[in-house]
Amino acid sequence: MNLEVLIQHATIEALKKLYDYDTDTALVQVQNTRKDQIGDFTIVVFPFVRFSKKSPEVTGKEIGNFVTEKVNLIDSFQVVKGFLNFIVKNDYWLKYLRDAFNDNSFGLINQGENCKTIMVEYSSPNTNKPLHLGHIRNNLLGYSISEILKANGHKVIKTNIVNDRGIHICKSMYAWQKWGNGETPESTGIKGDHLVGKYYVEFSNRLKFEIAELMSKGFSEEEAENNAPSMIAARELLVKWEANDPETINLWKTMNEWVYKGFDETYRKLGVDFDKIYYESDTYITGKEEVLRGEKEGVFFRKEDQSVWADLTADGLDQKLLLRSDGTSVYITQDIGTAKMRYNDFDIDKMIYVVGNEQNYHFQILALLLDKLGYSWGKDLFHFSYGMVELPSGKMKSREGTVVDADDLIEEMTDVARKMSQELGKLESLAKDEAEATYRMIALGALKYFILKVDPRKNMLFNPEESIDFNGNTGPFIQYTHARIKSVLRKAEEKQINFTTDFLLPEISQKEKDLLKTITLFPDVVKEAGDNYSPAVIANYCYELVKEYNQFYHDHSILAESDEAKRNFRLVLSSTVAKVAKTGMGLLGIQMPERM
RNA sequence: GCCUCGAUAGCUCAGCUGGAUAGAGCAACUGCCUUCUAAGCAGUAGGUCAUGGGUUCGAAUCCCGUUCGGGGUACCA
C-alpha cells in the first residue's frame, strides 16, 4: 500500500475517532503539496470543519496529530490556512528511488487479471493521395495510445483499414487514364503516393472547371456536380470496379501498389506499424451482405429507386443511406463489414477507432446500426475522436492543395536538426550515418512532441511559416537532457566510478527532493494517460521531469562531489531520471539519443 | 435551423474528477560557459481565465444564458 493510501485511511480513522464522522475514500483526497509550500502531501480540511465544529486550523492540527502518530513514515506536519501539509521522512523517498532504480519496468503495469485485448484502428488512409500533417497526428496518436495501453497491462492489436476503393480512387484513376500518358513512379521518379495524388488534384481542378461551366448554363450547383462529365466518368469506373471489370481492376491494382510503396516508406520514417491490415476492398462485401440481411429482417428499408436506408428518426437522428441506388456501397457500409470481420478474426474486448472529430456523427451511427443488426458489441465501440490540425489559413484540404505534406515536413525538420547540430558543433565525433540517424531522431522528436503534447481532443494550429521549435518545451529539450545524463554516466564509467543503491543516507537538498518526488509521480501519470487516452499527459510529465533535472544539474555537481554517498545518490538519481524519461518518451514513440 | 466541440499572456499550449498567489514555452529585455553537454540555468515584463448570472466555505474548473469560432447534419471518405 502506498503512502497516500495510508494517509487517506488514517485520516478517515481520525475523522471517526475525533468527530464520530463516518466517511469513505471518495471524500478524503490526498493531493501532492504545492511546490511553493513546505510539505509533501496535503489534505484539505475545509470540508471537515462542518462537523468538527472547530476552526480549520484546530481541525487540521487534530487530524495532523492523529495521522502523524499513526503513520510512521510521516515526519511532521504543518497547517497553513485550511491546508494540512504532511512532511514525509527522507527514508521514504530514498527507498522509493532505490526501488525505481532497480525496477527495469518502473511505472509499467504487467499484464494481469485486468488485461484486456484492445484493438486500435488508426491511420486509415485513402489511397488517392499522400499523407499530410493531419494523418501524422492520427498516426502518432494511434501509435502512442497503443503503447500507453500496453503500459497499462493490456494486449493491443494495432490495425489499419485501408480505404482502397470507392469514388475517390476512381477519380485519380480516371484522371491518370485521361491525362497520365502512361506515367509511373519509375518513369517520373515521383514517389507513388505523390504521383497518384497529383492526378487526384488534376481531377478536382477539371471538375471545378466543368461545374463552373454548367452553372453558367443555368444548372444548380448540385445538378452541375452530378452532370459534370468527369464526375459521370468516375462514377462509371466505380460501377465497373464493383462489377469486376478486368481492365479497371488492373489499373486499380497498379495504382494502389504505387501508393502502398509510398505509404510504407512514410510509415517507416514515422516509426509506426500495424499488426493487421484490412482493406476495404475485402470488407465491403461483408458490409453489403449485412445491409441486405438487415433489409430482409426489416431493420432497414428500400426506396423506390432501389437505394437502401436505415431509419434512425426514433433515435433522434435522420435517415441514413446504406447502399446507393446503383447498388454500390458507401463509407458506412464498409465500416459495418470491417467491424464484423474484426470480431470474427480476433477475440476483442474493446475496439478503439482513432478517427478525427469530423466523423463523430458517423461513429454514433455505426454503433447504432451494428446494434440494430444484433451485435452486442456494437454499442461498445469507442471512437477516439481527435481535433483537426489547422493552418493559419484554416483547414487543410487535399483537393485544394492546402496541405502540409508528411514526407516534406519530415525532410525539412531533419534539415533543420542537421543545420542546428552543425552550428552548435555537436556530433562531430560521430560517424556520418550515426550522425544522420541522430538528426532524424531529433527531427522526429520535435515533430512528435509538438503534436502529442497538446490535448488530443482539441484542434491545434500549425504555422508553416514558423518552423517547429527545438528549444524550450520541446522534444529535443527532453532528448538533450537524456543525452546530457548519458554523458555524465559515460564519464563516470571512464573514471571508474561505480555506483550502487547501497549509499548511506545522504542529506538531500530541496531541489534533489523535488526531482525525486517528480520521479515518484510517473506510475500515476502512466495510469492517468491510459484512463484518459491521453499521450499529452505523458508528454507534459516528461517535460516537467527533465526541467526539474536541469535545475538540479545546474545547482549540483555530480562527479566532482567529494562526499561519496552524495555522489552515489546523485548518480542513481540521474540514471533513474534518464530511464523514466526514456520510458515516457517511448510511450510517445520518441527515441532518445545517447548524445546530441 | 438542429446537433456537437471549443474560447486561459502578443503567439502556441498546460491547468478543467472544485482548493492556497492561474503555469510553461516562444517572441522582447537582463545576467550566467578556464569546472560533469549553454538544444541549458536564473531573472524582468506580460492575465477582467470570452461575457452575464447561479451553486459553494472556496470556481479557470460544475450548472444556465449570451457572444464569437470550429466541425457535423452528402447517393464524398
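Just so it is clear: chains get the letters A, B, ... in the order the sequence lines come, proteins before strands, and each one is counted from 1. Quick caveat, the model's predicted, so the values are computed rather than measured.
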Euclidean distance, atom CD1 of residue A:I365 to atom C1' of B:C76 [Å, nearest integer] = 15 Å
Can a side chain N or O of A:K547 be found less than 4.0 Å away from OP1 or OP2 on B:G25?
-> yes
Can a donor-acceptor pair under 3.5 Å be found between the side-chain atoms of A:S421 and the base atoms of B:A39?
-> yes
Can a side chain N or O of A:R235 be found less than 4.0 Å away from OP1 or OP2 on B:C76?
-> no
What is the distance, rounded to the nearest whole Å, between atom NE2 of A:H362 and atom P of B:U4?
-> 19 Å
Phosphate-side-chain proximity, A:Q551 and B:A42, N/O vs OP1/OP2 below 4.0 Å = yes
Have a look at B:C33 and give me syn or anti from its glycosidic angle (syn if within 90° of zero).
-> syn
So, do A:Y553 and A:K511 sit near enough that their side-chain heavy atoms are less than 4.5 Å apart?
-> no
Answer yes or no for A:R457 and A:Y386: cation-pi contact, defined as NZ/CZ to six-membered ring centre under 6.0 Å and angle to ring axis within 45°.
-> no
Starting at the 5' end of RNA chain B, which residue's closest nucleotide do you reach first, A:Y361 or A:V44?
-> A:V44
With a 4.0 Å cut-off on heavy atoms, is A:H556 in touch with a base, just the backbone sugar-phosphate, or nothing at all?
-> base
Considering only atom P, compute the distance from B:C68 to B:U56 and round it to an integer number of Å.
-> 32 Å
Separation of B:C36 atom P from A:R570 atom CZ, nearest Å, is 16 Å
Stepwise ring-ring contact (aromatic ring centres under 6.0 Å, His included) check, A:Y549 with A:F552 = CA-CA 5 Å; A:Y549 183 82; A:F552 154 80; 5.3 Å; yes
Between B:C36 and A:K495, is there an OP1 or OP2 to side-chain N/O distance shorter than 4.0 Å?
-> no
Which of these nucleotides, B:C57, B:G40, B:U4, is closest to any side-chain atom of A:N360?
-> B:U4
Between CZ of A:F363 and C1' of B:C3 the distance, given in whole Å, is 18 Å
Mate of B:U61 where both pairing distances stay under 3.5 Å, Watson-Crick or G-U = none
Using whole Å, report how far OH of A:Y543 lies from P of B:C41.
-> 7 Å
When rounded to the nearest Å, what value does the distance between P atoms of B:U44 and B:C57 take?
-> 37 Å
Is there a Watson-Crick or G-U wobble partner for B:G1 with both distances under 3.5 Å, and which nucleotide is it?
-> B:U73
If pairing requires Watson-Crick or G-U wobble contacts with both distances under 3.5 Å, which nucleotide is the partner of B:U34?
-> none
Within the structure shown, what part of the strands sits under 4.0 Å from A:P56 by heavy-atom distance: base, sugar-phosphate, or nothing?
-> nothing
B:G19 and B:C3: how far apart are their P atoms, nearest whole angstrom?
-> 31 Å
Who does B:U21 pair with, Watson-Crick or G-U, both distances under 3.5 Å?
-> none
Do the rings of A:F46 and A:F83 sit parallel, tilted or perpendicular, given the 30° and 60° boundaries?
-> perpendicular
Let me know, please, whether A:L427 or A:E280 comes out on the 5' side of the other along RNA chain B by nearest nucleotide.
-> A:L427
Side-chain contact check for A:N163: nearest option of B:A77, B:C36, B:G40 is B:A77
Would you mind checking if A:E436 and A:R418 are paired as a salt bridge, meaning a charged N to carboxylate O distance below 4.0 Å?
-> yes
May I ask you to say whether A:R595 pairs ionically with A:E434, meaning some side-chain N is under 4.0 Å from a carboxylate O?
-> no
Are A:Y200 and A:H168 near enough that their ring centres are under 6.0 Å apart?
-> no
What is the per-nucleotide protein-contact pattern of nucleotides 9-16 of chain B, from the 5' end, where B denotes a base atom under 4.0 Å from a protein heavy atom, S denotes such proximity for sugar-phosphate atoms only, and - denotes neither?
-> ---SSS-B
Between A:R165 and B:C76, does any side-chain N or O lie under 4.0 Å from OP1 or OP2?
-> no
Out of B:G40, B:C75, B:C57, minimum distance to the side chain of A:P47 belongs to B:C57
Watson-Crick or G-U wobble mate for B:U44, both contacts under 3.5 Å = B:A28
When the ring centroid of A:F51 is compared with that of A:Y21, is the distance short of 6.0 Å?
-> yes
Between B:A20 (C1') and A:I43 (CD1): distance, integer Å | 16 Å
When every non-hydrogen atom of A:Y353 is compared with those of A:A339, the smallest separation belongs to OH-CB, 3.8 Å
Looking across every strand, which nucleic acid part, if any, lies under 4.0 Å from A:E544 by heavy atom: base, sugar-phosphate, or nothing?
-> nothing
Which is true for A:I442 with a 4.0 Å heavy-atom rule: it touches a base, it touches only sugar-phosphate, or it touches nothing?
-> base
Which whole number of Å gives the distance between the C1' atom of B:G6 and that of B:A60?
-> 14 Å
Rounded to the nearest Å, what distance is computed from the NZ atom of residue A:K426 to the C1' atom of nucleotide B:A39?
-> 6 Å
Regarding A:K320 and the six-membered ring of A:W309, is the cationic atom NZ or CZ under 6.0 Å from the ring centre and inside 45° of its axis?
-> no
Just wondering, do A:F46 and B:G19 stack (centres under 5.5 Å, planes under 30°)?
-> yes
Nearest-Å distance for atom pair CE/C1', residues A:M388 and B:G72 | 11 Å
Could you tell me whether the phosphate oxygens of B:G40, OP1 or OP2, come under 4.0 Å of any side-chain nitrogen or oxygen in A:N471?
-> yes
